[in-house]
Amino acid sequence: MNHHETPLFTALKDHIARDPIQFHIPGHKRGRGMNNVFRDFIGTNALEMDLINIAPLDDLHHPTGPIKAAQELAASAFRADSTFFSVQGTSSAIVAMIMSAVKPGDKILVPRNIHKSVLTALIITGAHPIFLHPKLDETFGIAHGLSVESIKDALTQHSDIRAVLVTNPTYFGVACDLKRIVEISHAFGVPVLVDEAHGTHTYFHDSLPLSAMAAGADIAATSVHKLGGSLVGASILNVRSGIIDPLHVQVIMSMLTTTSTSYLMLASLDAARQDLVLHGRERFERAIQMANRIRDEINGIPGLRCLDKRVLQDSATYQIDATKLTISVKDLGIRGYDVELMLRKEFNIEVELSDLYNILCIFTGSETENDMAQLVRGLRFIAEGFSKYSRTPEVSVKLPPLPVLQITPREAFYAKTKRVRLSEAVGETIAETIMVYPPGIPILLPGEMVTQEAIDFTEENLRAGLPVQGTDDPEIQYVKVVCSRS
Ligand SMILES: Cc1ncc(COP(=O)(O)O)c(C=O)c1O
């Protein structure tokens, strides 16, 4: 495989150079038929590339030309048997991944800290989730991955499990022992599906956690756009042939994908793959070095603490992705969201996310020394300001006990429902989702019994100003609950 080639990107450039007369969609025809201000701002090259699946450019739904060649090169780069491009993010690839593995009523093992797209797939497929409780980190107030033992126990207990899904690494950059999980699941004849939204870079640097394909997983949805340099929303689905049939995956991907696929996004995946193979190692080495350096500096600021190997509970089982910087701010007596706001207002810094206790910054090797210095300056300023006043920190980590599933998410989603005040919903079976996005992990999901702790946690997030969403009522004052059958 010649990774210097970019078959799709090159085919697009050649096509543009031929300058054909366009009697086809898109109607803006190289930007001539669109808002002038927008056209001038975005630039001509991007608009020339904004094409559609005419014959010379191949078709993502049935690739036989440059898209096929680009996907084959991607498969080689990610050490998969087949790779499918997604122009609808990893969310859509995750739904396709789960639809490829389970049918209505099939049992699937999933961690409770799933991304909302996994929940969507559970509702669409009607699969029966067996939720496993991930390791909770009481210091940082976040959930890590699943333990090997919990998966082994569940597989032993439920002989009819059809798939195991793991999120690896997590948003906060913690990886589980995926190789062992794959070995155990395969011993039971069960495929392993990986939500690898935060793992593109793991394919290109040895000191990062093991990638899904290297660990022997059967299928993995990977957000190239998050850490690998493609345009936003351009992701891939990698498949290892065997338990999962790639021909069937192609059909399902096609079912879920728009027929108007963005060639800008597709070409960006082709170009990203070339760059990752040729320069990924060096880029991620820089990211690791920079993140490690800044981590040490931040750990030296009183009141701040970064998630790293030293503070990770159970570091024998879990591995850290050094490019993620999770900074706990709770000892300053303030919320992660407050720090996000202050960094934005006073220092013109945008972080990846914040929650009640932490902020998260990601490193990809594209940061400048100046960016790093500004982050440290901002954090030092905030920490010095707050540590003066908050002798006794008021923020302590509280994680609600995980709710109990009463009926499947699909049953709850389609059930007859009534609207009740959230504050009065204890004991009811909720029919919708409550989550903070990002990271998009449900506090409650359809089918679970509402607990007072889950309500308190939701209200605490709302009070802190965090983006709580998922319910029909945008204010989350009311929720839909399942009407009792009697
Ligand atoms: C764990 C996890 N899975 C899946 C996704 C979905 O990825 P995308 O935004 O590419 O659809 C995200 C997005 O943040 C995520 O954090």
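Remember, it's 1-based here, ligands and their atoms both numbered in the order they're listed.
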- Test of ring centre spacing under 6.0 Å for Phe204 and Phe78: yes

- Item | Closest candidate by heavy atom, reference atom 11 (O) of ligand 1, pool Gly89, Ala197, Pro169, Ser91 | Ser91

- Message: For ligand 1 and Gln88, I'd like to know whether there is a polar contact (N/O to N/O, distance under 3.5 Å).
- Response: no

- Item | ligand 1 contact on Val118 by region, counting heavy-atom pairs under 4.0 Å | neither

- Nearest atoms (heavy-atom pairs only) where Ser235 meets Ser223: OG-CA, 3.5 Å

- So, Asn358 side chain and Phe140 main chain: donor-acceptor pair closer than 3.5 Å or not? yes

- Message: How far is atom 16 (O) of ligand 1 from the closest protein heavy atom, and which atom is that?
- Response: His198 NE2, 2.6 Å

- Heteroatom proximity flag, Asp195 to ligand 1, N/O under 3.5 Å: yes

- re atom 8 (P) of ligand 1, the protein heavy-atom contact at minimum distance is Thr90 N, 3.5 Å

- Query: Does the pair Glu448 and Arg112 meet the rule for a salt bridge (Lys or Arg N to Asp or Glu O under 4.0 Å), with working shown?
  - Reply: CA-CA 11 Å; Glu448 284 180 339; Arg112 178 53 182 73; 2.7 Å; yes

- If we number the atoms of ligand 1 from 1 as shown, the ones under 4.0 Å from a heavy atom of Ser223 are 7 (O), 10 (O)

- Item | ligand 1 to Thr167 polar contact by distance, N or O atoms, under 3.5 Å | no

- What atoms of ligand 1 come within less than 4.0 Å of a heavy atom belonging to His225? 8 (P), 10 (O)

- Any luck finding a side-chain donor-acceptor pair between Asp321 and His201 under 3.5 Å? yes

- Is there a salt bridge (Lys or Arg N to Asp or Glu O under 4.0 Å) between Arg335 and Glu460 once you walk through the steps? CA-CA 11 Å; Arg335 304 281 187 200; Glu460 197 178 353; 3.1 Å; yes

- Should you measure from each heavy atom of Tyr171, which atoms of ligand 1 turn up under 4.0 Å away? 14 (O), 16 (O)

- State the atoms of ligand 1, each with its element, that fall below the 4.0 Å cut-off from a heavy-atom position in Lys226. 7 (O), 8 (P), 9 (O), 10 (O), 12 (C), 13 (C), 14 (O)

- Do you know the tightest heavy-atom contact between Asp50 and His28? OD2-NE2, 2.8 Å

- Evaluate side chain to side chain donor-acceptor pair (under 3.5 Å) for Asn238 paired with Thr83, printing each intermediate quantity in order. CA-CA 5 Å; Asn238 285 318; Thr83 294; 2.7 Å; yes

